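What follows is one structure encoded as structure tokens, with my remarks underneath.
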Amino acid sequence: MNPAPAIRVRNLSKTFQVPVKAPGMRGAFRALFKKENRIVPAVQDISFDIAPGELVGFLGPNGAGKTTTLKVLSGLLYPTSGEVEILGFAPWKREKDFQMNFSMVMGQRTQLWWDLPARETFVLNQKIFEISDKDFRERRARITELLDIGDLLEVPVKKLSLGERMKAELACAILHYPKILLLDEPTLGLDLVMQKKLRNFIRDYNRETGSTILLTSHNMADVEELCKRVIIIDGGRILYDGDLSKIVERYAPDKLVTLTSSVPLDIAGLKALGKVISHNGSSAELEIPRKDVSRVMGLLLAQVPVVDLSIEELPIEEIIRRVFLENG
Amino acid sequence: MGKYWAAFSLSIQQELYYRASFLMERARSITVIIAFYAFWSAVFQGRDTLLGYTRSQMFTYILGMNVLRALVFSDKTWELMHEINTGKISSYLMRPISYVGFCLSRDAADKATQLVSSILEVALAAWLLKIPLYWPAHPATFAVFGLTLALAIVLYFLMSYIVATFAFWTSESAGPRFCFELFLEFSSGAFFPLDVLPRIFQSVFSFLPFASLLYFPLNVFLERITGPLLARGLGVQVFWAVLFVWAARRLWERGLKAYSADGG
């Protein structure tokens with residue numbers, strides 16, 4: 001028997017009323033007297049469970065309904081219909097026992113006090129989440145060490161760079177060791193080194209505390225490195241929910257072969273072996289069905305004087321794009 | 001309680017961080033004291049009383065007005081509106097802290113800093129310009145004054161809070177807010193004692209909540225309002241306070257619903 005899910009979503013729908021304005025001056029005047037609304041569905045009938053301790057990637061293009069879903073989960077939005085339960089609580093009731101175990105970090109929003117050093121907001125959160133002085137000191141030391149932000153906490157937040165602020169933001173959001181952590185675009189705008197650090201931190205946090213993490217990102221490196229399972233959403237509906245590795249098999253039946261030869265390539269000959277994606281004189285990229293890879297490689301090596309050869313999975317971006325194409 | 005104390009402490013730090021604007025605000029208030037002092041000195045030339053105020057009562061009104069403004073008219077609801085419009089309020093709604101309690105802590109911090117500096121200014125002005133001050137003859141007056149002042153603070157908080165909730169429905173709430181402040185200054189007696197106005201205005205104003213904010217407590221202090229008039233004034237304060245509590249709660253609930261419906 002499986003343990004009760006940490007996050008349980010059943011047939012969740014959320015629609016927004018968006019005011020519509022007829023074009024031009026006339027429309028603007030008309031809107032002064034009569035506002036017309038259009039009903040826009042942001043999320044339609046989605047269901048999923050997330051088990052305690054899971055780290056799940058939540059993917060989709062802009063406007064797919066990711067942020068709306070996260071806001072419903074965090075209790076900021078009332079669902080139009082359907083059920084949401086987190087640790088047994090209905091989030092929009094905003095009960096203390098729920099909020100004490102919850103945290104959400106939105107890349108674009110800050111809970112840090114802008115004019116003060118981040119250390120001060122840490123103290124505020126210590127009091128809000130009723131963290132004992134001892135725990136607070138230990139956790140702060142641990143988190144600041146892992147994220148390498150010791151000195152940054154003494155500087156007014158507005159003087160921090162985007163990446164520094166994001167790290168301080170994350171540190172502040174998890175001082176109370178939330179059991180549920182939602183991360184909206186945690187690596188947005190960070191350089192590669194910083195991204196890597198943040199990802200390592202998220203993974204360690206997940207392992208050490210056994211917390212449940214749901215993460216949205218447009219950065220496929222985040223997803224590949226952190227998430228075993230992904231939920232893909234578009235147009236407010238779930239397109240895929242399952243292992244990241246299975247999605248690769250299902251939507252990427254081909255492997256990507258890149259080869260360079262010592263002589264100009266015979267493209268017609270290559271086309272007989274697989275799908276040629278691109279070619280340029282003596283080098284080419286081919287997509288070859290997974291099961292045929294070894295047979296085709298043998299033929300290739302026999303026919304072409306190969307200088308360099310690599311066999312890779314398709315980039316995850318490409319795979320996700322195919323999921324959208326197929327379902328969209 | 002610890003969290004609200006922490007919010008208070010952070011707000012004070014924030015206040016002190018903006019030293020320049022803090023000092024400008026104080027410079028403005030010193031200018032106002034000097035201007036009012038010069039004006040009423042000229043008006044009182046060769047008279048003992050005016051509009052029923054003695055000289056010392058009038059000057060005490062002006063200086064007292066400065067202190068009371070600092071105490072009653074200080075608030076951070078501009079920030080509250082900003083937080084609603086930008087969605088920053090979300091970060092508070094997600095945490096186990098009462099947002100109203102948080103706003104109260106922040107207002108209290110503003111009041112504390114303003115009060116300390118305004119008392120220093122007024123004391124300095126009274127000492128340098130040798131301004132005659134009126135002190136109540138009856139010790140009980142202090143207690144009653146304290147009560148009316150407390151109610152004035154509550155009333156102002158509720159009013160500014162109510163106006164700020166408009167931000168839930170429109171991003172253009174700054175306009176109404178600005179008009180509210182301007183009207184408030186005038187009708188509360190911050191520019192001049194309301195006795196200057198024609199009778200008809202005075203009687204209308206005595207039933208409105210605005211005069212309760214400055215004019216009424218100050219006149220209680222000056223012992224110009226006593227007996228039945230004092231009771232009536234307290235009644236007016238309590239009546240509006242109860243009404244505004246009800247209105248603020250309803251508006252806040254509906255505002256949050258609207259916010260949660262449309263997302264922030």
Side-chain angles (χ1 to χ4, degrees), chain A residues 14-19 37 40 42 67-68 70-80 91-92 94-106 108-117 119-131 133 156 158 169 172-173 176 178 180 182, chain B residues 1-22 76 78-79 82-103 105-106 109-110 113 168-172 252-264:
Chain A
K14 176 71 198 174
T15 54
F16 292 114
Q17 283 198 354
V18 182
N37 288 315
V40 178
T67 305
T68 303
L70 290 192
K71 281 182 177 170
V72 172
L73 294 181
S74 65
L76 293 174
L77 291 181
Y78 292 89
T80 308
W92 55 91
R94 295 206 266 272
E95 287 160 283
K96 190 179 172 200
D97 287 338
F98 164 64
Q99 296 192 325
M100 291 289 275
N101 288 302
F102 175 89
S103 197
M104 171 152 89
V105 182
M106 300 179 85
Q108 305 294 63
R109 298 259 173 83
T110 176
Q111 63 167 325
L112 298 169
W113 285 45
W114 202 239
D115 304 308
L116 301 179
R119 151 172 58 86
E120 302 297 339
T121 314
F122 282 27
V123 173
L124 180 62
N125 269 9
Q126 182 202 349
K127 300 295 177 196
I128 290 180
F129 291 104
E130 298 166 15
I131 306 167
D133 285 339
K158 64 177 168 197
E169 198 75 53
C172 189
H176 60 295
I180 306 286
L182 308 186
Chain B
M1 226 25 228
K3 49 189 154 186
Y4 300 106
W5 180 253
F8 176 81
S9 151
L10 258 70
S11 303
I12 297 252
Q13 293 179 44
Q14 172 122 333
E15 209 69 41
L16 299 178
Y17 181 84
Y18 284 106
R19 275 167 305 188
S21 66
F22 183 76
K76 285 281 167 196
W78 282 104
E79 264 180 52
H82 181 73
E83 280 169 354
I84 294 173
N85 284 333
T86 59
K88 184 164 180 178
I89 185 179
S90 292
S91 83
Y92 290 101
L93 297 177
M94 283 190 296
R95 282 180 278 174
I97 183 172
S98 143
Y99 190 67
V100 179
F102 172 71
C103 289
S105 313
R106 191 158 59 177
D110 196 35
T113 46
F168 279 122
W169 291 278
T170 168
S171 50
E172 298 171 277
W252 188 250
E253 259 167 43
R254 298 182 134 224
L256 269 185
K257 265 233 160 81
Y259 183 79
S260 329
D262 296 338

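In the text below, chain A, chain B and the rest are named by the order of the sequence lines, each starting its count at 1. What you see is a predicted model; the values in this text were computed from it and never measured.
Within the 4.5 angstrom heavy-atom criterion, no atom of S98(B) approaches chain A. The part of L112(A) that comes within reach of chain B is its backbone (N, CA, C, O), which places non-hydrogen atoms under 4.5 angstrom from that chain. For F8(B), no part lies under 4.5 angstrom from a heavy atom of chain A.
A distance of 14.0 Å separates CG of L124(A) from CH2 of W5(B), quoted to the nearest 0.5 Å. Distance NZ/K71(A) to OG/S90(B): 6.0 Å, rounded to 0.5 Å. With rounding to the nearest 0.5 angstrom, the OH atom of Y18(B) is 3.0 Å from the CG atom of D115(A). Of the inter-residue distances, the one linking W92(A) atom CH2 with L256(B) atom CG reads 16.0 Å to the nearest 0.5 angstrom.
For F129(A), the ring-ring contact (aromatic ring centres under 6.0 Å, His included) partners two or more places apart in sequence, or in a different chain, are H176(A). Not counting sequence neighbours, the partners of E120(A) by the side chain to side chain donor-acceptor pair (under 3.5 Å) test are Q13(B).
Nearest heavy atoms, A7(B) versus W113(A): O-CH2, 4.2 Å. Scanning both residues, R95(B) and N125(A), for their nearest heavy atoms gives NH1-OD1, 2.6 Å. For the residue pair I128(A) and I97(B), the shortest heavy atom distance occurs at CD1-CD1, 3.8 Å. Considering all non-hydrogen atoms of both residues, S74(A) and M94(B) come closest at CB-SD, 3.7 Å.
Counting heavy-atom pairs closer than 4.5 Å to chain B, the top residue among M104(A), M100(A), Q111(A) is Q111(A). Chosen from T80(A), V123(A), T68(A), T110(A), the residue pairing most often with chain B at heavy-atom distances under 4.5 Å is T110(A).
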